[in-house]
J.: 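One structure, as structure tokens, below. Some questions next.
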Amino acid sequence: MGVNLKDLIPEDAKIIIENMRSLKGKVIAIDAYNALYQFLAAIRQPDGTPLMDSQGRITSHLSGLFYRTINLVEEGLKIVYVFDGKPPELKARELERRRALKEESARKYEAAVEAGDLEAARRYAMMASKLTDEMVKEAKKLLDALGVPYVQAPAEGEAQAAYLVKKGDAYASASQDYDSLLFGSPRLIRNLTISGKRKLPRREEYIEVKPEMIELNTLLSKLNLTLENLVDIGILVGTDYNPEGFEGIGVKKAYQLVKTYGSIEKIPKALLKSSVEVDVLEIKKYFLQPPVTDSYKIEWREPDEKLVFEILVNEHDFSEDRVKNALERFTKAYKENIKGVQTGLGKWFAKPS
DNA sequence: GGTCAGAT
DNA sequence: ATCTGACCA
């Protein structure tokens, strides 16, 4: 779920990316869990059935990962995925909340199928989606075959992605969630896709969605806040580490409280009612100093087309023609946009193939 | 979510 | 050239 800062971000703190070319050559650290989960939830038939191979294994996440990665590389972006590690103990309640929600959704899905309500079936199937360890493993395998790098975070992927951007190893983090901003990412890109039509939930309407970038510094100065203030606001409205937030506090009140008292610690306890015990300081510390690692290498390699074929076509029944065509585009894009412009000695010593 | 082909 | 909708696995 992540922290909901949507209504806190002023329109003029968003940079709408009208043309992907403006990101050409930039390293973008994509929150892998966030991307895979969205593919898994969205790539389904009208009745909610996901794409599956002949052995009944779900392939929606692989389809999304494959085609979107190719599109982004074709636009000249240097993609690196960041995978979650072990979730912190602080997240236990949120994980339990999600598990319960999925269980509930699975029940509602069955009921909707029973009632023949396709629309509801699809909605609940989406909500019931569970990204398994096996799916994550398969995704990493595909990335290895494509020569697209990924970083394994020790804990939260969003924190590691933010760290890559802070260090300058990536230009921006990409996720639908705002958490990487709280983890201090200097730039966050949301809606990072090429084809920008999205169906509004519960409506027969489509809206055009364009990628948008939020710069942390711009955001903080527009709101006249420090990063610590922003973290405090996040905690007041609720984060993965205190999903309940505080009673009656949304972004508006949270902003006022932080502005009035200077920090969450100084807000009178009487104003902060919560159904559960919340260790505010621990959460705050987690956002400001999350576990991250320096042991990663971000290098793009030429795709191993045979291996990609083996995985997608032979193992998972993707159409040979489609994969072939997509790989052709990808290899061409790799050569033009990544290989040709990679710095360092690598290219001089690259093995002839 | 993304592709592809047919319609406009 | 852009849009629509069926299909993808």
J.: Please report, rounded to the nearest Å, how far the P atom of B:dT3 is from the CG atom of A:L65.
T.: 13 Å
J.: Quick one: how far along DNA chain C does chain A reach, first to last nucleotide 5' to 3', anything under 4.0 Å to a heavy atom?
T.: C:dC8 to C:dA9
J.: Hey, can you pull the residues of residues 319-334 of chain A with a non-hydrogen atom under 4.0 angstrom from DNA chain C?
T.: A:S319, A:R322
J.: Take atom OH of A:Y67 and atom P of B:dG2, then tell me their distance rounded to the nearest Å.
T.: 12 Å
J.: Nearest-Å distance, CG (A:N191) to P (B:dG2)?
T.: 11 Å
J.: Any side-chain donor-acceptor pair under 3.5 Å between A:N19 and A:S22?
T.: no
J.: Only one of A:R190, A:K6, A:R187 clears salt bridge (Lys or Arg N to Asp or Glu O under 4.0 Å) with A:E212; which?
T.: A:R190
J.: For a 4.5 angstrom cut-off between non-hydrogen side-chain atoms, does A:K273 reach A:F246?
T.: no
J.: Could you tell me whether A:K78 sits above the aromatic face of A:W300, with NZ or CZ closer than 6.0 angstrom to the six-membered ring centre and within 45 degrees of the axis?
T.: yes
J.: Hey, are A:E104 and A:K108 close enough for a salt bridge, meaning a charged N less than 4.0 Å from a carboxylate O?
T.: yes
J.: Regarding A:T193, tell me which of base, sugar-phosphate or nothing describes its non-hydrogen contacts under 4.0 Å with the strands shown.
T.: sugar-phosphate
J.: Aromatic contact between A:Y296 and A:Y150, with the criterion being ring centroids under 6.0 Å apart: yes or no?
T.: no
J.: With no hydrogens and no angle check, do the side chains of A:N242 and A:R93 hold a donor and an acceptor under 3.5 Å apart?
T.: no
J.: In whole angstrom, what separates A:N71's CG from B:dC4's P?
T.: 10 Å
J.: CG of A:L72 versus P of B:dG1: gap in Å, rounded?
T.: 13 Å
J.: Answer with base, sugar-phosphate or nothing: what part of the nucleic acid does A:Q38 contact at a heavy-atom distance below 4.0 Å?
T.: nothing
J.: Side-chain donor-acceptor pair under 3.5 Å between A:D53 and A:T59, yes or no?
T.: no
J.: Touch check for A:R57, heavy atoms < 4.0 angstrom, all strands: base, sugar-phosphate only, or nothing?
T.: nothing
J.: Contact between A:F183 and A:P290 at the side-chain level, heavy atoms closer than 4.5 Å - yes or no?
T.: yes
J.: Round to a whole Å and report the spacing from CG of A:L62 to P of B:dG2.
T.: 15 Å
J.: Round to the nearest Å and state the distance from A:L192 atom CG to B:dG2 atom P.
T.: 9 Å
